[in-house]
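One structure is given below, encoded as structure tokens.
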Amino acid sequence: MKVFNTMTLTKEEFIPMHTNEINMYVCGPTVYNYIHIGNARSAIAFDTIRRYFEYKGYQVNYVSNFTDIDDKMINTARAENITVPELADKFIAAYFEDTKPLNVRPATVQPRATDNIPEIIAFVQDLVDKGYAYESAGDVYYRASKFDDYGALAHQDVAEMEHNAAGRLDDAEMDRKEDPMDFAVWKASKTDDEISWESPWGQGRPGWHIECSVMATKYLGNHFDIHGGGIDLAFPHHTNEIAQSEAKTGETFVNKWLHNGFVTVGDEEEKMSKSLGNFTTVHDLLQEIDDPMVLRFFMATTQYRRPIAFSEKNMTQAARNLERIRTGYRNLKFRLADATPGQSAETDAKVADLVAKYVEAMDDDFNVQNALAAVYELVELANIYAEQTAVQSETVTNILNQIETLMGVFGVDGFDQEEEADTDIQALIDERDAARANRDFARSDEIRDELSAQGVILEDTPQGTRWHKA
């Protein structure tokens, strides 16, 4: 199995550090607002990766944090006249509410920065003691230039990074720092009413980057398999995580760095972000779409490193493609009613070949698009087998189970759910069947049109009339 490591910009063989176990950390959202589609893309991408590891038989220790203290949290809480913890509670609850319909499974552990303040203070103190960090006017900064290969993950020139950093600083911050590239691991309180904690450097709060180093090493150890997040986090966030973590522990922090691509919007394919004001929240979108599985399918079946162009057109196409798979599943499941015992060795061999094709694609850096092509072939096989005069139950069940399982890796489920019973619809179908038997085709067509107006699709098969909602 190979994964693309952002550190080396190459696909590398992936071998977990521990047999049958994978330790994985993914940066979660800052909970000052509802998550937008870009946030959901990261959550879905790494949930899909986690699911595939589990499909392969690994136990996955999956840690994903909530950033519940930073400037945005403080400013938003003030604007809403609530406390920062109240704001965090509100939007952490909203995160779970909005990701549940998308079938994003909760992480093994989902820690909050504010629940780890003693550990953060101890971590910062260790950096100070080792000479990697220094106090200045109540702030504590990390000496970026002291760490060898700083910026390696971002593949940026150090001189250019230093120049760019200097351009972003005001005079006061320049005076506090030894070097423009130095970054805050602890921030002094700016006002008396600001949420803060007592520390060796006075009242303050954690810097953004330090929290992930602390929580990742706390729950997964100093050295673990995979760290993930959006590609925009490679610098400075993940770059700084590496520097401060390895300075403290003296060990390699992470073996493989995986980063998902952006979600883009508009004709110019501009990155979706809250700072640009061009975002769509998942909370709002879920009020507009009938089937959250369409959004999950749309996101999960684009290879995680590629950008996703979010548009009504692309969502509509995703809905059609998902319905194509569901229809193939339903076509074959309907045949269970008249299937005979036994199996078709020839068909089962074709199924096995397609499953192997799926695995081969996913083993190649989670190439979900090629894997989906194997699912489409499986659905085509299901349709062909469903049309045979006689089918065998074990083979029917095998195909159905494989469609469910492979789509389950993408986080798309519900294939085994029957349409809700509707006695009125069934009564009309029974009347139509009787009309057809009596060659009353005018009444038969009239009933079909009546049901079609209600969004009911009829399928006439040799085994009887099937129906499902459009």
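Along the sequence shown, residues are numbered consecutively beginning with 1.
- Under 3.5 Å, the side chains of Glu211 and Asn65 contain a donor-acceptor pair of N or O atoms.
- A donor and an acceptor atom, one from each side chain of Glu394 and Thr397, are nowhere located under 3.5 Å apart.
- The closest side-chain heavy-atom distance from Val375 to Ile325 is below 4.5 Å.
- Judged purely by distance below 3.5 Å, without hydrogens or angles, the side chains of Asn367 and Gln369 never pair a donor atom with an acceptor atom.
- Asn75 places none of its side-chain heavy atoms less than 4.5 Å from the side chain of Tyr32.
- Remark: aromatic rings of Phe53 and Phe366 are close, center separation under 6.0 Å.
- At least one donor-acceptor pair under 3.5 Å links the side chain of Thr249 to the backbone N or O of Glu251.
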key: His209 vs His238, side chain to side chain donor-acceptor pair (under 3.5 Å): CA-CA, chis, key distance, verdict   = CA-CA 8 Å; His209 313 297; His238 292 163; over 6 Å; no

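- A salt bridge links Arg330 with Glu323: the closest approach of a Lys/Arg side-chain nitrogen to an acidic carboxylate oxygen falls below 4.0 angstrom.
- Under the 4.5 Å side-chain criterion, counting only non-hydrogen atoms from C-beta, Thr67 is not in contact with Val31.
- Salt bridge Asp115/Lys218: absent, no basic N to carboxylate O contact under 4.0 Å.
- In the model, Gln317 has a side-chain atom that pairs as donor or acceptor with a side-chain atom of Asn321 under 3.5 Å.
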What pairs of donor and acceptor atoms, side-chain ones from residues 283-300 against any protein atom, are under 3.5 angstrom apart with sequence neighbours left out?
from   : atom 1 : to     : atom 2 : distance (Å)
His283 : ND1    : Asp98  : OD1    : 3.2
Asp284 : OD2    : Thr281 : OG1    : 3.2
Gln287 : NE2    : His283 : O      : 3.0
Asp291 : OD1    : Met293 : N      : 3.0
Asp291 : OD2    : Arg326 : NH1    : 2.7
Asp291 : OD2    : Arg326 : NH2    : 2.9
Arg296 : NE     : Phe410 : O      : 2.8
Arg296 : NH1    : Asp47  : OD2    : 2.9
Arg296 : NH1    : Leu102 : O      : 3.1
Arg296 : NH1    : Asn103 : O      : 3.1
Arg296 : NH2    : Asp47  : OD2    : 2.9
Arg296 : NH2    : Thr48  : OG1    : 3.1
Arg296 : NH2    : Phe410 : O      : 3.2

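- Formation of a donor-acceptor pair under 3.5 Å by the Glu13 side chain with backbone atoms of Met1 is found in this model.
- When side chains are defined from C-beta on, Met362 does not count as touching Asn370, because their heavy atoms never get closer than 4.5 Å.
- For Arg41 (side chain) and Gly261 (main-chain N/O), a donor-acceptor pair under 3.5 Å exists by modelled atom type.
- In terms of heavy-atom proximity, Thr395 sits nearest to Ser344 at OG1-N, 2.7 Å.
- Between the side chain of Asn260 and the backbone N or O of Ala45 there is no donor-acceptor pair closer than 3.5 Å.
- To the nearest 0.5 Å, the span separating OG1 on Thr99 from CG on Asn39 amounts to 11.0 Å.
- Remark: the backbone N or O of Gly408 is paired with a side-chain donor or acceptor of Arg51 at under 3.5 angstrom.
- When all heavy atoms of Ser245 and Glu241 are compared, the closest pair comes out as OG-O, 2.7 Å.
- Using a 4.0 Å cut-off between charged nitrogen and carboxylate oxygen, Glu54 and Arg105 count as a salt-bridge pair.
- Side-chain atoms of Glu246 and Thr252 include no donor-acceptor pair closer than 3.5 Å.
- Ring-plane geometry between Phe224 and Phe253 is classed as perpendicular, the angle between the planes exceeding 60 degrees on a 0 to 90 degree scale with a lower cut at 30.
- Between the side chain of Thr217 and the main chain of Val214, a donor-acceptor pair closer than 3.5 Å is present.
- Side-chain N or O atoms of Glu377 include none that pairs as donor or acceptor with a backbone N or O of Val351 at under 3.5 Å.
- For the residue pair Asp348 and Asn398, a side-chain donor N or O sits within less than 3.5 Å of a side-chain acceptor on the partner.
- Aromatic ring pairs are classed by plane angle as parallel below 30°, tilted from 30° to 60° and perpendicular above 60°; the pair Tyr329 and Phe415 is tilted.
- Checked by atom type and distance alone, the side chain of Tyr385 pairs as donor or acceptor with a backbone atom of Gln392 at under 3.5 Å.
- For the ring pair (Phe, Tyr, Trp, His ring centres under 6.0 Å) test, no residue two or more places apart in sequence or in another chain qualifies with Phe4.
- Heavy-atom minimum distance, Ala382 versus Ile399: CB-CG2, 3.8 Å.
- The two atoms that bring Thr239 and Ala234 nearest to each other are OG1-O, 2.7 Å, heavy atoms only.
- Contact of the Val265 side chain with the Ser311 side chain is not registered, since no non-hydrogen atoms from C-beta on lie closer than 4.5 Å.
- Between Ile82 and Glu86 the shortest heavy-atom distance is CB-OE1, 3.3 Å.
- Side-chain atoms of Tyr142 come within 3.5 Å of backbone atoms of Ala243 as a donor-acceptor pair (strictly under, hydrogens ignored).
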inquiry  = Run Asp363 and Tyr52 through side chain to side chain contact (heavy atoms under 4.5 Å, CB included) and show every step you take.
reply    = CA-CA 9 Å; Asp363 278 352; Tyr52 183 64; 2.8 Å; yes

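- Applying ring-ring contact (aromatic ring centres under 6.0 Å, His included) to Trp257 and the options His155, His237, His227 leaves one that passes, His227.
- For the residue pair Lys256 and Val254, the shortest heavy atom distance occurs at O-CG1, 3.1 Å.
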ask   = Yes or no on side chain to side chain donor-acceptor pair (under 3.5 Å) for Ser64 and Gln110, after CA distance, side-chain angles and deciding distance?
value = CA-CA 5 Å; Ser64 185; Gln110 293 193 268; 4.8 Å; no

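- Salt bridge status for Arg112 with Asp68: present, with a side-chain N to carboxylate O gap under 4.0 Å.
- Donor-acceptor pairing under 3.5 Å is lacking for the side chains of Glu387 and Asn383.
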ask   = Is there a side chain to side chain donor-acceptor pair (under 3.5 Å) between Asn23 and Asn61 once you walk through the steps?
value = CA-CA 5 Å; Asn23 290 318; Asn61 300 317; 2.7 Å; yes

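- Side-chain contact between Leu458 and Arg432 is present, with at least one heavy-atom pair separated by less than 4.5 Å.
- The closest side-chain heavy-atom distance from His259 to Leu153 is below 4.5 Å.
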task = Would you check, one step at a time, whether the test side chain to side chain donor-acceptor pair (under 3.5 Å) holds for Asn5 with Glu12?
result = CA-CA 7 Å; Asn5 186 358; Glu12 299 176 344; 3.1 Å; yes

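- Using a 4.5 Å heavy-atom threshold, the side chains of Tyr219 and Tyr25 count as separate.
- In summary, of the residues considered (Val368, Leu258, Ile44), a side chain to side chain contact (heavy atoms under 4.5 Å, CB included) with Tyr304 occurs for Leu258 alone.
- Within the 3.5 Å criterion, the main-chain N or O of Glu360 finds no donor-acceptor partner in the side chain of Asp364.
- To the nearest 0.5 Å, the span separating CG on Asn240 from CD1 on Ile210 amounts to 9.5 Å.
- Salt-bridge formation is not detected for the pair Asp70/Arg205: no Lys NZ or Arg NE/NH1/NH2 atom is positioned less than 4.0 Å from an Asp or Glu carboxylate oxygen.
- Aromatic ring centres of Phe46 and Tyr62 lie farther apart than the 6.0 Å criterion allows.
- Side-chain contact of Tyr358 with Gln402: a donor-acceptor pair under 3.5 Å is absent, judged by distance alone.
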